[in-house]
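Quick notes on the structure that follows.
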Amino acid sequence: MRRSIYIQIKFRRQFKIVGLLIMVPFIACSETYQVPFDNKRPNILLLVADDLGYSDLGCYGGDIDTPNIDELAAKGILFSRFHTAPMCAPTRAMLLTGNDNHIAGIGRQNLRTEVFGYEGHLSNRVAALPSLLQKSGYHTYMTGKWHLGNNKKDNPHNNGFENSFVLLEGVGNHFSRQGIFKESPESHYTLDGNVTTWPEGQYSTDLYTDKLIEYINNNKDDEKPFFAYAAYTSPHWPLQVSETYWKKYEGQYDEGYEKLRDQRLHNLIEKGLIPKDTGLPLQNDRVVSWGSLTEDEKHKESRKMELYAGMVDNLDENIGRIIQYLKDIGEYENTFIVFMSDNGAAGEDYFNNPNIRPHISDYYVDDFEVMGEPNSLVSYGAPWAEASTSPFRDFKEFTSNGGILAPLIISGPMIERTNQIHHGFATVMDLAPTFIELAKTIYPKRQNGHKLYPMKGFSMLPFVKGESKNIHTPEYVFSLEHSGYTMLRKGFWKITNTQYPFSEANFELFDLSKDISERYDLKEAFPEKYRELLEEWDKFSKDTKLQLKR
């Protein structure tokens, strides 16, 4: 039996816990009361891949070997319409707060200001999920990419994580602390909030897994539940991995990215993840046809995809290590497991971007002979990213479906629904409310003297338990903005703008019940629906105080 613990909750007359109204007598001498919590609550394991595309995993129609993740899907629920932000940092802010990225303070990635919504760290308008879980009696552990502020007060250690080993920036070398850009010659890592070094000879995904298992193991006998967050940096560029992993894919992609894109479309249809009549949208302007490449260029492009596949293969192996560890210590049966990607596949190619190349550290090269090694800086790039996000339009950065539809799997022995595909709408903001309900705790109205915004996400538990058919009603409105790219969805209707700078005139209207690839703009055919969504957009813009040029 896990021990009962007591949580002190401040209140005036009454408070609510998981839907039950509990009256507490007023005691004049104190405004804090002890509320008993049964500590026999589930562990929560949150596994986040970085820039993993929609169709990469085997269970999503991919050709990469991912047996451990596929097994999670077979024993749980695979989501086909899970929405994230289009970039890494805003997704992480939404994930850990259950709120919009502007409300959470990350209106634009890597921008730090005093302006509402663009603070560059978790704001005082939201409560950080790990802090709430820690206060409710959970151990809280994190390894991997933080990307929510570099200052000490912004550190995960000061946001509720008991133990953490993290990369503060959004990108790092997978073999060392060698910085990517000249302006920052070394990447910054902290251990429990203190500056630390990179263990020589370690590979990122392996190291993050080792540390997370170490944290769980340190307290495995005290009977307290844990929240363990593995924020992996794989398969984010630079594409680096031991040849042990990429060699098994050698030659597999020699027919090119257009062929792979077509094959992924076919596989997704066969698996029932997308409608049978789904077609591919026009290629992104950044994509050059495979047939126009020289043989040397084709070899280099093929190697990129081999490296990427090797990184995903290694990621899957490490996820298998964590699951096996939980089984070994007898905690697997009591662990709620979530696997997701933070956005669509990455189309960046900074080494070959003339505006960014001068800022890349001289340590790096992109020569074919060293691709995948510690001094190699090659990126996935738009062509392969578009194949990974098949059948959707565009990729990471954009608010079209290729940038914001990502894999999500919820699994664990306590899940009532198993081996199911859910086509209903879901968002990354739904995870924090789910974890809070699992932990039998509450989201406060105030924290440290600040009034908190209510979460925009909804708990998934009623759906996961089979008590409801969907997570959201058809009237639920989901909106996003990042760096001028925008979208709003209500029911199956969506408006999106993927042109810069922002202008409302550039919004397109899509009926996702018939066109998930966003091929046909229906703005002129359905003017009333278009105006309805624009009105919702104006509400969202005012609520979040967007800083947009009109």
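Treat the numbers as computed from the prediction; the structure is a model and nothing was measured. Heavy-atom basis, side chains included; hydrogens, waters and symmetry copies ignored.
- Contact detail for Thr205 and Ser234: the closest heavy-atom pair is OG1-CB, 3.5 Å.
- The six-membered or imidazole ring of Tyr308 lies away from that of Trp384, with a centre-to-centre distance of 6.0 Å or more.
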Q: Give the intermediate values and the outcome of side-chain contact (heavy atoms from CB on, under 4.5 Å) for residues Ile409 and Val338.
A: CA-CA 6 Å; Ile409 297 165; Val338 174; over 6 Å; no
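- Within the 4.5 Å cutoff, the side chain of Arg446 has no heavy atoms near those of the Leu452 side chain.
- Between Glu481 and Phe502, the closest side-chain pair of non-hydrogen atoms is not below 4.5 Å.
- Sparse packing is recorded around NZ of Lys545, with 12 or fewer heavy atoms of other residues, nucleotides or ligands lying under 6.0 Å away.
- Atom CD1 of Ile44 sits about 5.5 Å away from atom CG of Leu133, to the nearest 0.5 Å.
- Here the closest non-hydrogen pair linking Ser187 and Val171 is OG-O, 4.1 Å.
- Side-chain N or O atoms of Thr278 include none that pairs as donor or acceptor with a backbone N or O of Ile274 at under 3.5 Å.
- Ion pairing between a basic and an acidic side chain is recognised when a charged N comes within 4.0 Å of a carboxylate O; Glu386 and Arg393 show no such pairing.
- Taking the six-membered ring where the residue is Trp, the centroids of Tyr485 and Phe398 are separated by under 6.0 Å.
- Classification of Arg125 and Asp100 as a salt-bridged pair fails, no side-chain N sitting under 4.0 Å from a carboxylate O.
- Nearest heavy atoms, Asn267 versus Gly61: ND2-O, 2.9 Å.
- Salt bridge Glu397/Arg286: present, at least one basic N to carboxylate O contact under 4.0 Å.
- Proximity of Tyr60 to Tyr54: side-chain heavy atoms (C-beta onward) are separated by under 4.5 Å at one or more points.
- No side-chain donor-acceptor contact under 3.5 Å links Tyr229 and Ser164.
- When ring centroids are compared, Tyr530 and Trp493 stay outside the 6.0 Å threshold.
- When side chains are defined from C-beta on, Phe116 counts as touching Ile103, because their heavy atoms get closer than 4.5 Å.
- Between the side chains of Asp394 and Ser400, at least one donor-acceptor pair of N or O atoms lies under 3.5 Å.
- At least one donor-acceptor pair closer than 3.5 Å links the side chain of Asp515 to the backbone N or O of Arg519.
- Listed for the Asp538 side chain is no donor-acceptor partner under 3.5 Å among the backbone atoms of Glu535.
- Put simply, the side chain of Asp51 reaches to within 4.5 Å of the side chain of Asn343, judged on heavy atoms.
- A donor-acceptor contact under 3.5 angstrom links the side chains of His472 and Asp430, judged on distance only.
- Formation of a donor-acceptor pair under 3.5 Å by the Glu186 side chain with backbone atoms of Gly179 is not found in this model.
- Looking only at side-chain heavy atoms (C-beta outward), Thr441 and Tyr138 stay at 4.5 Å or farther from each other.
- Proximity of the aromatic rings of His422 and Phe463 is defined here by a centroid distance below 6.0 angstrom, and this criterion is met.
- The main-chain N or O of Ala385 is never found under 3.5 Å from a side-chain atom of Ser388 such that the two would form a donor-acceptor pair.
- Two residues are said to be in side-chain contact when any heavy atoms from C-beta on lie closer than 4.5 Å; Val477 and Arg489 fail this criterion.
- The environment of CD in Glu524 is sparse: at most 12 heavy-atom neighbours from other residues, nucleotides or ligands sit within 6.0 Å.
- Here the closest non-hydrogen pair linking Pro354 and Pro358 is O-CD, 3.3 Å.
- Lys396 has a carboxylate O that lies under 4.0 Å from a charged side-chain N of Glu348, or vice versa, which qualifies the two as a salt bridge.
- A donor and an acceptor atom, one from each side chain of Thr190 and Asn155, are located under 3.5 Å apart.
- Ring centroid separation for the pair Tyr364 and Phe181 does not come in under the 6.0 Å cut-off.
- Judged by distance alone, the side chains of His188 and Glu169 do bring a donor and an acceptor atom under 3.5 Å apart.
- With respect to the salt-bridge test (charged N to carboxylate O, under 4.0 angstrom), the residues Lys490 and Glu536 qualify.
- Summarising the geometry, atom CG belonging to Asn173 is positioned 9.5 Å from atom OG1 belonging to Thr233; distances are rounded to the nearest 0.5 Å.
- Once rounded to the nearest 0.5 Å, the distance linking CG of Leu480 with CG of Asn497 reads 12.5 Å.
- Counting only heavy atoms from C-beta outward, the side chains of Thr496 and Asn401 never approach each other to under 4.5 Å.
- Contact between Ala93 and Ile106 at its shortest, heavy atoms only, is CB-CG1, 3.5 Å.
- Atom-to-atom distance recorded for Asn99:CG and Leu122:CG is 11.0 Å, nearest 0.5 angstrom.
- Residues His102 and Tyr118 place their aromatic rings such that the two centres sit under 6.0 Å apart.
- Ser390 and Arg264 share no side-chain donor-acceptor pair at under 3.5 Å.
- Separation of the Tyr520 and Phe510 ring centroids does not fall under the 6.0 Å cut-off.
- The pair Lys300-Asp366 counts as a salt bridge, with a side-chain nitrogen and a carboxylate oxygen less than 4.0 angstrom apart.
- Under the 3.5 Å distance criterion, with hydrogens and angles disregarded, a donor-acceptor pair is assigned to the side chains of Ser459 and Glu437.
- Proximity of a side-chain donor or acceptor of Lys152 to a complementary backbone N or O of Asn158 within less than 3.5 Å is not detected.
- Among Met94, Met455, His83, the single residue meeting the side chain to side chain contact (heavy atoms under 4.5 Å, CB included) criterion with Met429 is Met94.
- Distance CG/Leu239 to NE2/His174: 7.5 Å, rounded to 0.5 Å.
- Under a 3.5 Å cut-off, the side chain of Ser517 and the backbone N or O of Pro281 do not form any donor-acceptor pair.
- Taking both residues in full, the closest heavy atoms of Asn506 and Pro501 are given as ND2-O, 4.2 Å, listed atom of the first, atom of the second, then distance.
- Ring centroid separation for the pair Phe82 and Phe425 does not come in under the 6.0 Å cut-off.
- A salt bridge does not link Glu258 to Arg261: none of the charged side-chain nitrogens sits closer than 4.0 Å to a carboxylate oxygen.
- Under the 3.5 Å distance criterion, the side-chain polar atoms of Asn159 are matched with a main-chain donor or acceptor of Asp154.
- One finds no salt bridge joining Lys529 and Asp511 here, because no Lys/Arg side-chain nitrogen approaches an Asp/Glu carboxylate oxygen to under 4.0 Å.
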